[in-house]
Structures are given as C-alpha cells and as structure tokens.
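These figures come from a predicted structure and were not determined experimentally. Letters A, B, ... mirror the listed sequences (proteins, then strands); counts begin at 1.
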Amino acid sequence: MIRTESVASRLWVWAVWLLVGFFIVNLLALIATVVVNSFSTRWFTTWLPVGFTVKWYLSAWEEFQLPDILMATFEVVGAVVLLSGLIGVPAAYAMARREFPGKKFVMLLFLLPMLVPPITFGIPLATVLYKAGLAGSASGVILANLVPTVPFVILVMIPFIQQIDPRVEQAARVFGAGTFRMFTNVLVPLLTPGILAALLLVLVRTIAMFELTFLTAGPENQTLVVALYYAVFAAGVRAGQSVDAMAVIYMVTTLAWLLLALRFVNPTQIVTRAKKGGH
Amino acid sequence: MKGALARKGFDGVTLLLLPAVFFVIALFIYPFLYGLFLSFAPKDGGWWLGNYAKFFSDPFLYDTIGKTLLVAVPVTIMNLACSVPVALRVRLMLKPKLLTTILVIPITLGTVLVAEGMLNYFGPRGWLNRFLMEFHLVSEPLHLIHNYWGVFLSLVITGFPFTFLLTLSYVTGIDPALEQAGAMLGARGWDRFRHILMPLLLPGLMITFCLSFVQAFSVFPSAVLLGAPAGITRVISVAAYTAAFEEYDYSMASAIAMIMAAVQVGIVALLLGLQSLFYSGPAGGGKG
Amino acid sequence: MSLRNFKALRLDAMSRDFGSLNALKGITLNVERGEFIALLGPSGCGKSTALNCLAGLLPLSSGAIWLDDKRIDTLGPEGRGFGMVFQNYALFPHMTVRKNIGFGLRMQNRPKDEIARRVEEAMRLVRLTNQGDKLPGQLSGGQQQRVAIARAIVVEPPLVLMDEPLSNLDAKLRLEMRAEIRRIHASLGCATIYVTHDQDEALSLADRIVVLRDGQTRQIGTPAELYGRPAHSDVAEFMGYRNIVKTAAILGEHLEVTIGGAKLWGTSVDIVASGDALAAIRPEDLSVTADGPISAIVQTAEYRGRDFFGVALTQDGTELYFRSEVSVSQGEAIRLSAEPHRILVYAA
C-alpha cells in the first residue's frame with residue numbers, strides 16, 4: 001500500500017519475512033521428520049534413513065488396534081458434529097433474531113466454555129462424569145467434547161444468520177409457510193453453507209481435541225489423538241517408526257478434513273470464529 | 001402469562017435456546033460449581049480449606065504456579081511481539097491464504113502431534129542439531145527437549161500461529177485509509193505505527209494476549225511429553241492431573257483446577273482493567 | 001515549506017499499470033498555483049488511480065511529477081506534504097477533532113502554542129468551533145467532512161487532493177458542502193485536485209476540468225468549454241448530450257446531417273470530410289415546434305414541473321430525448337427541431 005523506501009525499513013521488511021520463513025521451514029521440517037521416520041527401516045546417524053519400508057504402517061495397524069481406534073474416533077466425532085449442529089443452530093437462530101432481557105448473560109454463558117481452556121474445566125467435568133458413571137464410555141466422551149463445540153457452532157452461525165434478511169422469512173410467512181415449513185424450506189437451504197462450514201470446523205477441532213477426550217475416555221473409546229499421546233508417552237515400548245506411522249495416520253485424517261473445511265472458510269476463522277460475518 | 005412473556009421478547013423462537021442453555025449449564029457451569037464445592041471437602045475430611053492450605057504450604061504444589069507463569073508469560077509476550085509486525089506485513093499481501101493455511105496446520109494438528117515431531121526434529125540426532133553441527137554453528141547438540149525449552153518451543157509452534165491469526169484479524173479490521181491519511185499528513189512508518197495503528201490495535205491485542213496466555217497457561221501434553229514433568233515443567237495442569245488420575249483425589253484436583261482458573265481469570269481481569277483506560281471504539285474510519 | 005509557494009505542478013506522461021492492465025496511460029497536465037482542477041470520469045476511468053499516484057500512495061510505472069523544478073514522484077506520501085481528503089474521510093477514530101486536525105502539525109514538530117492557534121483557525125474556517133473535543137464517531141457526516149478538510153488544509157499544503165469527498169453525503173448536504181468547499185478554496189487559494197464522477201460538481205467547482213476515460217485524458221478545458229464544445233462524442237455523452245445519433249455527414253457549404261430521416265445543419269467539431277458521423281444534441285436543445293423538420297411519435301412523457309421530459313421515436317427508429325414547455329402526451333405526433341450550433345457533429 002504505502003511504499004517504504006528507506007534502507008532501514010527495507011531491512012525491517014526483510015527481517016519480518018525472514019522470521020516467517022524461519023518459522024515455516026522449521027515447522028515443515030518438523031512434520032517431514034515424522035513422515036520420513038514412519039517410512040524408514042533404520043535412521044540413526046545420517047541425514048536420511050538407511051532404507052524405506054511400509055511395514056510400520058502394517059505393524060501400527062495391528063499393534064495399536066487402529067481399526068478399533070478409528071471406529072471409536074469416527075463414532076465420537078460423528079456424534080459430536082451431529083449433536084452440536086442440532087443444538088447449536090436453533091440456538092444461534094434465536095440469538096440472531098430475538099432481543100430479550102438477559103441476552104448478554106446468555107451470550108457470556110456461550111462464550112465461557114470457549115475461552116476457558118479445556119484442561120481447566122475438563123478436570124471438574126471428568127469428575128462429574130465419573131460420578132454419573134458416564135466417563136469411560138463413548139457417551140461421556142461425546143458429552144465432554146460437546147461442551148466447547150456447541151458454543152462454537154452458535155458463535156459461528158450468529159453472524160451468518162444475521163446477514164440473511166429477516167424479510168425473507170416474513171415473505172415466507174406471508175405466503176403461508178408455518179414455522180416448521182419456513183425453517184425447512186427457506187432457512188435451512190439459505191444456511192447450508194454456514195452450517196457446513198461450522199460443522200466442518202467442529203469436525204476438525206474434535207479430531208484434534210486431546211484434553212477432554214483424554215480426561216474422560218476409557219481404554220475402549222480412545223480417539224486417535226489420545227492413542228497417539230499414549231504411544232508417544234510410552235515411547236521405547238514400541239519402535240519409534242511405528243509411533244510415527246500412527247502419527248502420520250492421525251495427521252492425514254486431520255489434514256484431509258482441514259483442507260476440505262478450508263474450501264468453505266477462511267483459515268483465520270479457525271481461531272477467530274467468524275468475526276467478519278460468515279464469509 | 002404468555003402475553004407478558006411475549007411482550008418482554010420471549011416467544012417460541014426464544015425457546016430454541018433452551019437446549020443449548022441447559023446443555024452449557026449442565027456440562028459447564030454445574031461441573032465448575034460441583035468442582036468448587038468438592039474442593040472445599042477434602043478427601044480425608046478436615047478443614048474446609050484443607051486442600052487450599054495444603055496447596056499453598058507444599059512447595060511441590062505451589063511452585064507449579066510460578067513454573068507455569070515462567071513458561072506461559074514469556075511465550076505469550078514473544079508470540080504477540082512477533083505476530084504484530086508479521087501481521088502488519090501480511091495485511092499488505094494480495095493472497096495471504098497460502099501462508100495462513102500453512103500456519104493453521106500446527107493449530108489443527110494439536111500439541112500431541114507437534115510433540116512427537118519435536119522429539120524427532122529437535123532431538124540430539126534430529127535434523128536441526130545435525131544441521132547446526134554440520135555447519136559448525138554448535139560444537140555439541142543443543143538440548144531442546146525434555147527441559148524448559150521443549151515446552152517453550154512447543155508453545156511457540158502451536159501458539160504463534162494462533163496468536164498471529166487472531167492479530168491478523170484485528171489488523172485487517174483497521175481501515176487502510178487511516179494509515180494513508182497519516183502518511184499524507186507527514187507521518188513516517190514508525191509514527192504511523194505509534195500514533196495510528198497501535199492505539200487502534202491495542203484493544204484487540206489485549207484480547208489476543210488474554211486468549212493466548214490462557215492457552216499457554218493450561219499447557220498439558222507438551223509439558224509431559226517434551227518437558228521435565230517432574231522438574232522445571234511441572235506445570236499446574238500436571239499437578240491437577242496427577243491429583244485426579246494418579247492419586248484419585250478428586251477434591252484436591254478440583255482445588256488445583258479452581259486455582260488454575262483463578263490465576264487465569266486474575267490475569268485476564270488485570271489486563272482488561274488496563275484496557276478500559278484506552279480507546280475501544282471502532283477501528284474503521286467512516287461514520288462511527 | 002519551501003514547496004508551498006510553487007508556481008506550477010507538472011504531470012509528465014504519468015502512467016501506472018496493474019500487471020497487464022494499464023490503469024493510467026500517460027497523463028500530462030500543468031496545474032497553476034491556486035487552480036482548482038477536477039478529474040472527471042465514469043468509475044474505472046483511472047481518476048482515483050491518478051489521485052493516488054499524485055498522493056504517493058501508488059508508485060508510478062513511468063513518467064514523472066514535478067513541482068517547479070523538483071521531481072517529487074520518487075518521494076513517499078509523507079515526503080510530499082500534500083493535503084488529502086479521503087472518500088470516507090479516514091478520520092482517526094481514537095483522536096478528538098482537535099487532535100485529528102493537529103496531527104499533521106504535530107508530525108512537523110511545531111511548537112504546541114502554534115499548533116493550538118492554527119487548529120483553532122482551521123476549525124473556525126470550516127465552522128466547527130466548539131466541536132474540538134468530540135471524537136469523530138460523535139459527529140454527523142457533514143461535520144466529519146469538515147474535519148477531514150480542516151485536517152488537510154491546516155498544514156497549508158501546496159496542493160490539496162480530494163477523492164470524491166461528497167459521495168457519502170445525502171443530496172442536500174452535498175450541495176451545502178459543495179458551496180463550503182468553494183468558499184474554503186476561495187479563502188485559502190491553495191491548488192486543489194478534485195476527483196469526481198459528477199459533472200455538476202466538476203462544472204460548479206473547477207477552474208479547469210480533466211475528463212478521463214480508460215486511463216487517458218480525453219479533454220482538458222474550462223467548464224464552459226467542456227459544456228459547450230466537448231472534444232469527443234464520449235465526452236459529449238458524459239456532459240449531458242443524451243442524444244448521440246449515428247448519421248452520415250455531408251460536408252459542403254454547410255455541414256448536413258440526417259437525424260430521424262430529416263436533413264439538418266450541424267456544427268463540425270472534428271469533421272474533415274463527408275462520411276459516417278455522430279451527431280450530439282442535448283434534450284433541452286431539441287424543441288417541439290409546429291414546423292420542425294423531424295417528425296416523431298411521443299413514447300413517454302414525464303411532467304417535470306417547469307417542463308416535460310420525453311422520449312420520441314422517429315420514423316427510422318431513432319429514439320430522441322427532448323424537453324418541451326408545451327404539454328405532450330404519449331402517442332402524440334410531434335415535430336422537433338434544433339439550431340445548427342446546438343448540433344455537434346463528430347467523425348465516427
């Protein structure tokens with residue numbers, strides 16, 4: 001925009017890009033080591049491994065009971081996505097369209113679970129779930145994961161709904177649509193892009209949600225990320241390559257959904273919750 | 001009755017809120033309050049403040065606050081200090097999507113995967129140390145994992161993109177015409193930053209700082225996997241986890257979680273209190 | 001402020017391209033001290049690009065900008081010392097009116113009492129006394145506009161740039177602020193370059209108007225020249241010649257054109273030989289008379305208070321816009337005529 005010409009400002013610009021470049025190079029190298037190691041036969045004192053193999057993927061598949069873990073992961077993630085959509089979207093609609101006393105308080109109620117880090121509320125939540133006999137079961141894991149995702153869906157959807165002209169709904173009512181028909185025939189089609197974006201983001205976040213699952217899952221319903229944690233934690237029990245093979249499987253699962261999600265949302269939305277209203 | 005409620009704005013549509021509100025109360029507010037009460041009922045009976053007394057008299061426990069602050073505060077300041085200049089540059093890019101996509105990857109992958117990558121990459125035989133040795137930048141491998149720096153670096157790798165993307169969203173919210181207006185009036189780069197951008201960014205940066213700090217303060221997996229969880233990086237979340245899942249003392253664990261929350265709230269409140277001293281209106285240039 | 005007492009600002013083949021797109025193709029212009037220049041053109045014609053290049057917000061691709069004998073296109077915006085009024089005003093939202101206006105002086109490190117005095121003067125000039133301690137968000141659109149003007153002129157710049165400053169105001173306020181800008185310019189006399197797409201604004205404010213189209217200068221002239229004698233048919237269309245009729249021009253003792261099947265005499269603008277041509281006539285110069293040469297049927301007629309505005313279709317299918325003081329109604333057969341000096345003929 002404004003061209004900077006002086007030597008000092010050019011140096012400054014270079015320094016800034018150097019910083020970004022340094023960060024990205026290290027980040028990519030860090031991810032690359034995991035991928036390379038997962039395909040290596042042995043890798044000790046050289047730049048690259050001695051040889052390449054896919055056997056670690058086969059062994060990881062069996063050693064870590066990956067089929068079970070993947071099933072458990074998709075069960076949890078699928079349920080979380082569906083439920084947070086069902087609970088969150090109608091609530092977002094009410095928040096976007098109605099003014100009522102105490103609305104600010106309700107808004108704060110939805111903001112808190114997103115602002116408080118999961119490990120902080122996860123421990124009391126896990127305690128309650130244990131007392132209720134839900135922890136260690138899939139339903140406990142799902143309930144715990146819903147705590148941040150329901151507010152997330154609400155906060156992403158509010159600006160999306162607000163940008164839809166309320167007169168469209170009034171028009172639908174004038175033409176004789178009841179509340180339910182108005183919802184299914186008018187609102188849902190208009191909201192589909194927003195719902196899709198919100199739910200994809202929920203999906204990505206839930207696959208990667210470590211703390212809440214970690215605190216509430218039992219051995220049968222570990223998700224991929226928790227299983228990965230235990231594998232890394234117990235490093236030495238199994239070959240490092242095998243752990244990395246699992247890490248790559250986790251990474252591919254997450255990134256595939258992330259790339260899909262990024263077709264519909266801006267990367268900044270993953271942290272900023274659609275501050276600018278949906279697009 | 002129905003009419004009176006409707007007049008206040010409650011109608012069928014407002015009822016759609018009920019499941020979500022009920023849900024948040026049951027699974028967020030209630031556990032929090034439950035934890036709070038539980039923390040006042042020590043496992044072995046005794047004084048209602050027993051857990052807190054124990055926490056603040058046992059250095060092994062109360063030191064965790066200091067250790068957590070020691071890693072969380074410098075990391076947050078560093079991430080924010082790097083984010084602002086980078087965001088100010090990226091704002092000028094025509095197609096920042098590739099960069100933001102790359103940066104969103106570590107956030108999405110999460111701390112566990114980053115920890116595993118760091119164990120490989122920053123390890124004594126990892127690529128980084130190999131590179132440094134090859135070019136004789138160091139004479140022996142740097143110790144970057146299983147100590148303070150392991151946790152620090154992991155919080156930079158996942159925290160910097162988070163802080164940056166938040167900062168970017170605030171930076172792009174400032175009307176570029178304001179900076180142009182400053183330049184037309186003779187303000188050079190530094191003056192434009194000091195007098196125009198910074199005052200407008202400050203409220204957003206405060207919020208970014210709070211969110212980033214709270215994330216860093218609750219560091220858990222990387223403190224275990226990359227730090228020295230019995231030593232310098234025995235952070236407060238590790239203490240809470242140990243109490244709950246190794247000693248099965250949920251009352252003590254709840255007390256520690258409450259202390260963790262209190263420190264977070266305390267720092268955030270302090271910063272937001274400071275923020276109220278600054279301009280906090282819209283950062284656009286037009287009709288306010 | 002040695003630049004302040006300049007004699008002339010010279011744009012020398014100023015060009016700017018965005019990738020393969022030429023946004024500005026060699027604009028050459030001389031601006032005298034105290035002159036008010038309007039850059040006029042439809043959106044996308046390059047007028048805002050030209051202004052941003054002048055301001056230093058966009059670098060030139062080629063060409064130069066001279067202030068007397070000092071080349072300034074290599075300087076950044078902060079080095080040129082021009083004042084600028086932005087389309088959305090770009091007031092600093094976190095500073096009071098007083099701070100906004102004094103910003104440029106503070107950047108020059110002027111003494112505090114001088115800043116206070118000159119800000120006060122500027123506020124008086126734009127009639128904003130007593131508003132000094134408000135934030136921009138507390139002001140109306142017109143008041144924000146005044147602050148933006150005061151902020152630009154308080155540093156006594158050699159040149160003030162205005163980027164469609166009235167486009168965000170409603171119609172009544174726009175007329176009021178137009179008069180204000182004329183008054184302020186008259187009392188300060190600093191050279192002004194004013195970008196607009198509204199020919200009324202350009203005609204009423206400017207000493208000279210530069211008409212731009214597709215990044216090129218189409219015509220430079222006084223408002224009277226542009227209004228009375230546009231150099232090109234597209235300029236004519238922009239200046240209110242709504243009837244642009246394809247015709248064949250026959251150059252003889254008089255220039256003869258055919259409009260709606262009727263032969264009329266016109267005035268040549270750039271006709272050097274007989275051939276295809278365009279005839280341009282304003283609606284108000286086509287009058288309804290009993291013995292006019294053009295016969296047409298009224299398609300629509302709108303009552304406009306003082307007169308009627310209508311569209312008529314001639315026998316050969318040409319649509320003509322006209323004004324009439326006598327009442328006409330739809331379907332009525334009328335005859336239209338125009339004075340030879342009101343029919344401008346351009347080579348096609």
Side-chain angles (χ1 to χ4, degrees), chain A residues 1-2 4 9 13 16 19-20 23-24 27 29-31 33-34 37 44-45 47 87-88 90-91 93-94 97-101 106 109-110 113 117 119-121 123-125 127-128 143 147 150 154 204 208 210-211 225 228-229 232-233 243 247 250-251 254 258 262 267-268 270-272 275, chain B residues 8-10 13-14 16-17 19-21 23-24 27-28 31-32 34-35 82 85-86 89 92 100-102 104 106-110 112-113 115-118 120-121 125-127 130 157 162 165-166 168-169 176 179-180 183 189 214-215 218 220-221 225 237 240 244 250 253-254 257 260-261:
Chain A
M1 217 129 304
I2 296 171
T4 43
S9 52
V13 173
V16 168
L19 182 81
V20 176
F23 184 87
I24 288 177
L27 173 67
L30 186 151
I31 293 171
T33 38
V34 175
N37 196 32
F44 292 114
T45 54
W47 281 100
I87 303 175
Y93 180 75
R97 285 284 190 256
R98 287 291 182 274
E99 293 301 326
F100 52 89
V106 174
L109 201 65
F110 292 143
I119 199 94
T120 313
F121 67 80
I123 287 179
L125 174 62
T127 310
V128 168
L143 282 176
V147 174
V150 166
I154 295 175
V204 172
F210 168 72
E211 286 90 345
V225 65
L228 180 64
Y229 172 86
V232 179
F233 185 71
V243 176
Y250 164 75
M251 204 149 67
T254 318
L258 174 69
L262 287 180
T268 41
I270 290 178
V271 297
T272 57
K275 234 173 49 117
Chain B
K8 281 187 178 167
F10 294 100
V13 171
T14 329
L16 294 173
L17 271 174
V21 169
F23 181 84
V24 172
L27 284 161
F28 183 78
F32 229 102
Y34 181 86
C82 293
V86 174
R89 275 286 122 200
L92 306 179
T100 46
T101 303
I102 291 176
V104 95
I107 304 176
T108 314
L109 291 179
V112 178
L113 188 108
E116 170 62 7
M118 281 179 63
N120 285 320
Y121 178 68
R125 287 192 302 236
W127 273 348
R130 190 177 297 282
I157 289 171
F162 177 84
L165 291 173
L166 267 179
L168 184 65
S169 77
E179 212 195 339
Q180 296 178 345
V214 163
Q215 300 286 335
S218 60
F220 177 70
L225 300 176
S237 56
Y250 291 112
S254 297
M260 184 159 44

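- Interface check for chain B: of the options A:Pro90, A:Gly88, A:Ala208, the most heavy-atom pairs under 4.5 Å are formed by A:Pro90.
- The two residues A:Pro113 and B:Phe28 make their nearest non-hydrogen contact at CA-CE1, 3.7 Å.
- Both the backbone and the side chain of A:Ile87 come within contact range of chain B, judged by heavy atoms closer than 4.5 Å.
- When each of B:Phe32, B:Tyr250, B:Phe23 is scored by its heavy-atom pairs under 4.5 Å with chain A, the top score falls to B:Phe23.
- Heavy-atom distances place both the backbone and the side chain of A:Val225 under 4.5 Å from chain B.
- Shortest non-hydrogen contact noted between A:Thr127 and B:Ser254 is OG1-OG, 4.4 Å.
- Ranking B:Val24, B:Leu113, B:Thr100 against chain A, the residue ahead of the rest is B:Leu113, based on heavy-atom pairs under 4.5 Å.
- Of the atoms belonging to B:Leu225, it is side-chain heavy atoms, and not backbone ones, that fall under 4.5 Å from chain A.
- Of the two parts of A:Val232, the backbone and the side chain both hold a non-hydrogen atom closer than 4.5 Å to a non-hydrogen atom of chain B.
- Heavy atoms closer than 4.5 Å to chain B are found in the side chain of A:Tyr250, but not in its backbone.
- Closest approach of B:Leu27 and A:Leu125 over heavy atoms only: O-CD1, 3.4 Å.
- A:Leu27 touches chain B through its side chain: at least one heavy atom from C-beta onward sits under 4.5 Å away, while N, CA, C and O do not.
- Interatomic distance, CG of A:Asn37 versus CD of B:Glu116, reported as 8.0 Å (0.5 Å rounding).
- Heavy-atom pairs under 4.5 Å with chain B peak, among A:Val243, A:Ile123, A:Thr254, at A:Ile123.
- Interface remark: of the candidates B:Gly110, B:Ala20, B:Pro106, B:Ala20 forms the most heavy-atom pairs closer than 4.5 Å to chain A.
- For A:Leu30, the parts lying under 4.5 angstrom from a heavy atom of chain B are both the backbone and the side chain.
- Shortest non-hydrogen contact noted between B:Gly117 and A:Val34 is CA-CG2, 3.3 Å.
- Considering B:Ile107, B:Thr108, B:Thr101 in turn, B:Thr108 is the only one that fulfils the side-chain contact (heavy atoms from CB on, under 4.5 Å) rule with A:Leu258.
- Here A:Leu143 is the residue among A:Leu143, A:Val106, A:Ile31 with the most heavy-atom pairs under 4.5 Å with chain B.
- B:Leu17 has its side chain within reach of A:Phe110: a pair of non-hydrogen atoms, C-beta onward, lies under 4.5 Å apart.
- The contact between A:Phe210 and chain B is made entirely by side chain atoms (from C-beta outward), counting heavy-atom distances below 4.5 Å.
- Within the 4.5 angstrom heavy-atom criterion, atoms from both the backbone and the side chain of A:Val147 approach chain B.
- Distance check: B:Leu16 CG to A:Arg98 CZ gives 9.0 Å after rounding to the nearest 0.5 Å.
- Separation of atoms OG (B:Ser237) and CD (A:Glu211) is listed at 8.5 Å; rounding is to 0.5 Å.
- Nearest approach of B:Met260 to A:Thr120, heavy atoms of both residues: CE-CA, 3.9 Å.
- Using a 4.5 Å cut-off between heavy atoms, A:Ile119 contacts chain B through both its backbone and its side chain.
- Among residues two or more places apart in sequence or in another chain, the side-chain contact (heavy atoms from CB on, under 4.5 Å) test is passed with B:Arg125 by A:Phe44, A:Thr45, B:Arg130.
- Closest non-hydrogen pair, A:Pro124 versus B:Gly35, comes out as CB-CA, 4.2 Å.
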